[in-house]
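Below: one structure, written as structure tokens.
Only a predicted model underlies this, so the values are computations on that prediction, with no experimental measurement involved. Just follow the structure's listing: the first ligand is 1, and inside any ligand the first atom is 1.
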Amino acid sequence: MKVFITKRIPEIGIHLLENAGLEIFIPEHENLSQEEWLSYCKSNDVILSVGSEFKYDKDFFNECPNIKAIALYSVGFDHVDIQEANQRNIPIGNTPDVLSKATSDVAFLLMQSVARRAAYNFEKVKSGNWGDFDPLHALGQELYGKTLGIFGLGRIGFEMAKKSKVAFDMDIIYHNRHRSEEAENELGAKYVSFEELIAQSDVLSIHANFKPEQKELFNKSVFEKMKENAIFVNTARGGFHNQKDLYDALTERKIWGAGLDVTNPEPIFKEDPILGLSNVCVLPHIGSATIEARSGMAKLAAENLIAFSKREKMPTCANPEIYSRNS
Ligand SMILES: NC(=O)c1ccc[n+]([C@@H]2O[C@H](COP(=O)([O-])OP(=O)(O)OC[C@H]3O[C@@H](n4cnc5c(N)ncnc54)[C@H](O)[C@@H]3O)[C@@H](O)[C@H]2O)c1
Ligand SMILES: O=C(O)[C@H](O)CO
């Protein structure tokens, strides 16, 4: 079985695949063009796909009928047409859990950075403008006892809620497709409607998995209903927010600030005016960028392909329904 790895991953994943006797191809240079990526897909059997710039849609599957399985190096699978994969019986592996702590750390970090205006103050220091001790300037807000609203309380949302409860004794409210007994019992989290979530949150943190029908759900009409002191945090997918509307809400002081690990579009243009705002902190999609999480992702992605090569179920699969259908 020939494995095309779209970008170098931590060694643990490569070793596992090699030890399992799989033939690996890793392109010599990074940042493949679409043409290069497609031609490598055509000459291999399975893909270990890093990042979300390559889309596995109907056209892809039509052009590459040789592809038998895809192991994503991510938990998110919004760049894959799962229905199409299902129709062709192609398992799509993903990497849940191993990155939940790291990604929720970044949501927590963004929440605090914005609340305490860390990015703005760092810019001041870098530009030689340390300034005098000023009782009235660059004041942040404390998070103790405030309300954290979680949109999408799954694995990462739960970790964010837990940290915020322990660190700041925040009241947790959440909106999810289903209720979480664990969050309600362990954290005293309260299930609310979407409208209640946006109206009551002092910090609104997005942790849902993205689907096209949720495109720009967080837009002008939502920002207008949020609290003036609210902090908007998005570590899920940039497609969830309308960035122009977010910019307007921030400049018009409809909300207090925003922390983004994902942007719309992504990558963000360096001319995007949102980058010039003092109440914003933007990171370049580094949620899972820790040694521990990235190694865990490499191990899981390799294990998914090894299981596939042995005709076994992938241990972490985004479309497990194909197995129940076939059994
Ligand atoms: N910034 C990063 O580097 C990074 C890293 C990892 C994951 N992510 C993103 O985080 C997402 C969440 O990961 P996870 O492991 O917590 O996933 P998960 O499946 O455990 O949790 C997502 C939750 O969102 C809920 N949800 C989805 N749409 C909803 C809606 N419209 N209304 C209410 N609830 C909704 C689901 O029911 C689920 O409980 C991933 O899909 C990915 O896009 C980003
Ligand atoms: O979905 C994911 O896993 C991230 O966005 C990439 O680490």
Side-chain angles (χ1 to χ4, degrees), residues 6-7 9-10 13 48-54 56 71-80 82 92-111 149-163 173-184 189 191-198 204-218 222 233-241 259-264 266-268 281-298 300-301 304 316-320:
T6 63
K7 197 181 258 184
I9 57 166
L48 196 160
S49 185
V50 180
S52 53
E53 66 265 44
F54 302 122
Y56 298 97
L72 303 176
Y73 188 76
S74 62
V75 66
F77 48 89
D78 44 297
H79 52 309
V80 180
I82 291 289
I92 308 294
N94 71 340
T95 60
D97 295 316
V98 290
L99 43 57
S100 299
K101 287 199 163 55
T103 307
S104 58
D105 285 349
V106 167
F108 188 80
L109 174 143
L110 285 167
M111 169 174 79
I150 302 273
F151 177 72
L153 194 134
R155 292 167 290 235
I156 299 172
F158 181 82
E159 290 295 329
M160 170 64 173
K162 191 161 81 178
K163 271 188 254 291
I173 57 175
Y174 73 101
H175 183 71
N176 200 39
R177 289 209 193 283
H178 49 85
R179 293 187 61 154
S180 164
E181 255 183 57
E182 193 185 8
E184 294 185 15
Y191 180 87
V192 293
S193 68
F194 184 74
E195 290 299 318
E196 288 168 325
L197 185 87
I198 59 177
L204 178 57
S205 195
I206 315 306
H207 296 287
N209 49 311
F210 184 72
K211 299 223 171 95
E213 58 271 24
Q214 293 168 329
K215 189 164 183 278
E216 301 187 354
L217 180 63
F218 296 88
V222 167
V233 175
N234 190 357
T235 56
R237 283 292 180 262
F240 270 119
H241 68 257
L260 308 175
D261 186 44
V262 289
T263 59
N264 185 10
E266 194 169 306
I268 196 168
C281 181
V282 181
L283 299 174
H285 204 141
I286 56 153
S288 65
T290 63
I291 297 163
E292 293 82 356
R294 291 285 163 89
S295 303
M297 292 161 74
L300 268 189
N304 278 334
T316 52
C317 188
N319 56 345

Note to self: Closer than 3.5 angstrom, by distance alone: can the side chain of Asn234 be matched with the main-chain N or O of Leu260 as a donor-acceptor pair?
What the structure shows: no
Note to self: Between Lys211 and Asp78 (salt bridge meaning N to carboxylate O under 4.0 Å), is one present in this structure?
What the structure shows: no
Notebook entry, point to check: In order of chain and number, which residues sit within 4.0 Å of ligand 2 by heavy atom?
Noted result: Ser74, Val75, Gly76, Leu99, Arg237, His285, Ser288, Met297
Checklist line | Spacing of Phe54 atom CZ and His79 atom NE2 [to the nearest 0.5 Å] | finding: 10.0 Å
Check: Between Glu159 and Ile156, is there a donor-acceptor pair closer than 3.5 Å when you use the side chain of the first and the backbone of the second?
Finding: no
Margin query: Heavy-atom contacts with ligand 1 below 4.0 Å: which residues, ordered by chain and residue number?
Written below: Val75, Gly76, Leu99, Thr103, Phe151, Gly152, Leu153, Gly154, Arg155, Ile156, His175, Asn176, Arg177, His178, His207, Ala208, Asn209, Gln214, Thr235, Ala236, Arg237, Asp261, His285, Gly287, Ser288
Notebook entry, point to check: Distance from Ser100 atom OG to Asp105 atom CG, nearest 0.5 Å?
Noted result: 10.5 Å
Margin query: Run the side-chain hydrogen bond (donor to acceptor under 3.5 Å, both in side chains) test on Glu196 and Tyr191 for me, step by step, so that the C-alpha distance in whole Å, both residues' side-chain angles and the decisive distance to 0.1 Å come before the verdict.
Written below: CA-CA 9 Å; Glu196 288 168 325; Tyr191 180 87; over 6 Å; no
Next item on the list: Keeping the roles fixed (side chain from Arg294, backbone from Ser288), state whether a donor-acceptor pair exists under 3.5 Å.
Entry: yes
Margin query: I'd like to know whether the aromatic ring centres of Phe218 and Phe194 sit less than 6.0 Å apart in this structure.
Written below: yes
Check: Does the side-chain hydrogen bond (donor to acceptor under 3.5 Å, both in side chains) test come out yes or no for Glu216 and His241, once each step is laid out?
Finding: CA-CA 4 Å; Glu216 301 187 354; His241 68 257; over 6 Å; no
